[in-house]
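Here the structure is a predicted model, which means the values were calculated and not measured. Residues take their numbers from the sequence shown, with the count starting at 1.
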Amino acid sequence: MASFSVSSSLFSSPSNHFCKRNSRISSNGTVPWFSSNSSFKPSRIAPISASMATGVKEVLPPALTSTSEPPPIFDGTTRLYISYTCPYAQRAWIARNCKGLQDVIKLVPINLQDRPAWYKEKVYPPNKDPAKKEFAEELFSYMDSFNKALVFLFKGEENEAGAVLDFIETSLTKFEDGPFFLGQFSLVDIAYAPFIERFQPALLEVRNYDITAGKPNLAAWIEEMNKIEAYNQTQQDPKEYVESYKRIFLGQR
């Protein structure tokens with residue numbers, strides 16, 4: 001199973017480069033929670049216990065420095081990257097403790113005065129990486145073209161499906177720090193996964209068209225997505241998808 005990492009930037013400040021406004025999944029993908037221009041409103045959040053759920057005092061690990069080796073990225077462990085001195089990171093840390101997740105989410109403290117180079121490169125590229133943000137927006141905008149082309153293909157009509165799938169294949173090579181659209185697992189992958197999950201078996205059965213043929217990056221992406229527990233627990237029987245698409249797009253009962 002792919003690892004999951006959560007940045008201390010769940011609670012953010014626009015003035016703190018370490019504590020940006022994105023949570024981190026699979027050590028890079030972003031899921032916005034509290035934005036830098038929204039206020040923290042506890043009254044809108046479900047109440048939680050003021051006591052640590054485990055009742056055990058945690059032994060804090062030392063902060064990692066420029067000489068420290070990075071923790072494993074894909075080992076199935078959820079990690080919370082924080083700075084002990086950052087108040088915004090402390091918010092996420094407090095919430096973790098109140099939920100009793102000390103044994104589930106491991107702390108990875110970072111020394112901000114002597115931070116490891118690998119933190120920005122492997123864990124938090126958006127720290128100085130507008131290219132990923134810009135490409136994410138492009139991929140979100142491309143969703144309509146992607147879906148329309150594959151629907152037309154499913155219906156047996158001439159379309160741009162080949163070019164669209166070539167674009168997807170090429171997009172998966174843009175960043176080299178992982179097998180996903182932005183390198184590491186992100187909201188972009190979540191956006192595309194449900195549709196690829198349905199089109200793949202439907203097109204194979206109805207049109208004998210394999211969307212992964214000649215597209216090793218897309219095939220690898222599907223394989224890696226299927227390892228992510230948060231995703232694979234939502235998957236249904238592919239036969240149900242095929243029958244559903246036949247009804248919706250072909251009018252078959």
Side-chain angles (χ1 to χ4, degrees), residues 1-2 22 25-32 73-74 125-126 129-253:
M1 183 181 74
N22 298 316
I25 298 180
S26 238
S27 67
N28 181 24
T30 60
V31 181
I73 299 297
F74 293 104
D129 196 354
K132 289 196 174 185
K133 181 178 179 181
E134 292 173 4
F135 193 55
E137 294 300 326
E138 180 180 349
L139 288 168
F140 285 133
S141 298
Y142 198 71
M143 281 292 306
D144 283 345
S145 298
F146 173 81
N147 285 328
K148 288 177 181 178
L150 294 193
V151 167
F152 282 132
L153 177 60
F154 185 76
K155 295 167 70 173
E157 301 176 19
E158 291 293 329
N159 61 89
E160 300 296 325
V164 164
L165 289 169
D166 286 342
F167 174 79
I168 294 298
E169 176 72 5
T170 302
S171 296
L172 288 165
T173 67
K174 188 172 180 67
F175 300 102
E176 299 179 352
D177 55 329
F180 302 102
F181 281 104
L182 302 184
Q184 300 298 308
F185 182 57
S186 74
L187 282 178
V188 176
D189 303 291
I190 294 174
Y192 275 86
F195 298 97
I196 292 176
E197 177 185 341
R198 286 159 174 77
F199 279 120
Q200 184 183 21
L203 287 169
L204 191 59
E205 177 170 324
V206 176
R207 301 298 170 196
N208 195 29
Y209 189 98
D210 182 1
I211 65 172
T212 64
K215 295 178 173 55
N217 296 309
L218 178 56
W221 178 86
I222 292 172
E223 181 178 355
E224 290 302 319
M225 283 295 301
N226 289 334
K227 295 177 184 178
I228 298 175
E229 187 175 1
Y231 167 60
N232 63 41
Q233 289 184 355
T234 69
Q235 292 174 307
Q236 305 299 308
D237 186 342
K239 293 181 180 179
E240 294 184 13
Y241 295 145
V242 175
E243 294 307 312
S244 175
Y245 271 30
K246 284 181 179 179
R247 290 193 302 270
I248 295 171
F249 300 117
L250 303 181
Q252 297 182 9
R253 299 292 180 182

If you apply the rule side-chain contact (heavy atoms from CB on, under 4.5 Å), what do you find for Asn232 with Lys227, and how did you get there?
CA-CA 7 Å; Asn232 63 41; Lys227 295 177 184 178; 5.8 Å; no
Contact between Phe185 and Met225 at the side-chain level, heavy atoms closer than 4.5 Å - yes or no?
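When only atoms from C-beta onward are counted, Met225 and Phe185 do touch, with a gap below 4.5 Å.
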Can Ile168 and Trp221 be said to form a side-chain contact (heavy atoms from CB on, under 4.5 Å), step by step?
CA-CA 11 Å; Ile168 294 298; Trp221 178 86; over 6 Å; no
On a heavy-atom basis, which atom in Lys132 and which in Gly183 lie closest, and how many Å separate them?
NZ-CA, 4.5 Å
What are the two closest heavy atoms between Ile211 and Leu218, and how far apart are they?
O-CD2, 3.4 Å
Sequence neighbours left out, what pairs pass salt bridge (Lys or Arg N to Asp or Glu O under 4.0 Å) with at least one residue falling in residues 200-222?
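Qualifying pairs, neighbours excluded: Asp166-Lys215, Glu205-Lys246.
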Just by modelled atom types, is the Phe167 backbone N or O under 3.5 Å from a matching donor or acceptor in the Thr170 side chain?
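Judged by distance alone, no pair lies under 3.5 Å.
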Asp189 side chain to Ser186 backbone, donor-acceptor under 3.5 Å
yes
Can you name the side-chain contact (heavy atoms from CB on, under 4.5 Å) partners of [X], sequence neighbours left out?
X: Ala136; answer: Phe140, Leu182, Val188
X: Asp237; answer: Lys239, Glu240
X: Lys174; answer: Phe135

Test side-chain contact (heavy atoms from CB on, under 4.5 Å) on Tyr245 and Leu250; report intermediate values, then the result.
CA-CA 7 Å; Tyr245 271 30; Leu250 303 181; over 6 Å; no
Separation of Gln233 CD from Glu229 CD (nearest 0.5 Å)
4.5 Å
Could you grab the distance from atom CZ of Phe154 to atom CD1 of Ile248, nearest 0.5 Å is fine?
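So the CZ of Phe154 and the CD1 of Ile248 are separated by 9.0 Å.
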If you count every heavy atom of other residues, nucleotides or ligands that lies below 6.0 Å from [X] atom [atom1], does the total exceed 12?
X: Glu176; atom1: CD; answer: no
X: Tyr142; atom1: OH; answer: yes
X: Glu169; atom1: CD; answer: yes

Kindly list each side-chain donor-acceptor pair under 3.5 angstrom involving residues 190-199, sequence neighbours excluded, with atom names and distances?
residue: Tyr192; atom: OH; partner: Leu139; partner atom: O; Å: 2.7
residue: Glu197; atom: OE1; partner: Tyr231; partner atom: OH; Å: 2.7
residue: Glu197; atom: OE2; partner: Tyr241; partner atom: OH; Å: 2.5
residue: Arg198; atom: NH1; partner: Pro194; partner atom: O; Å: 2.8

I'd like to know whether Phe249 forms a side-chain contact (heavy atoms from CB on, under 4.5 Å) with Val206, so could you lay out the CA-CA distance, the side-chain angles of the two residues, the decisive distance to 0.1 Å, and finally the verdict.
CA-CA 11 Å; Phe249 300 117; Val206 176; over 6 Å; no
Show me the donor-acceptor pairs within less than 3.5 Å that the side chains of residues 143-150 make with the rest of the protein, sequence neighbours left out.
residue: Asn147; atom: ND2; partner: Met143; partner atom: O; Å: 3.4

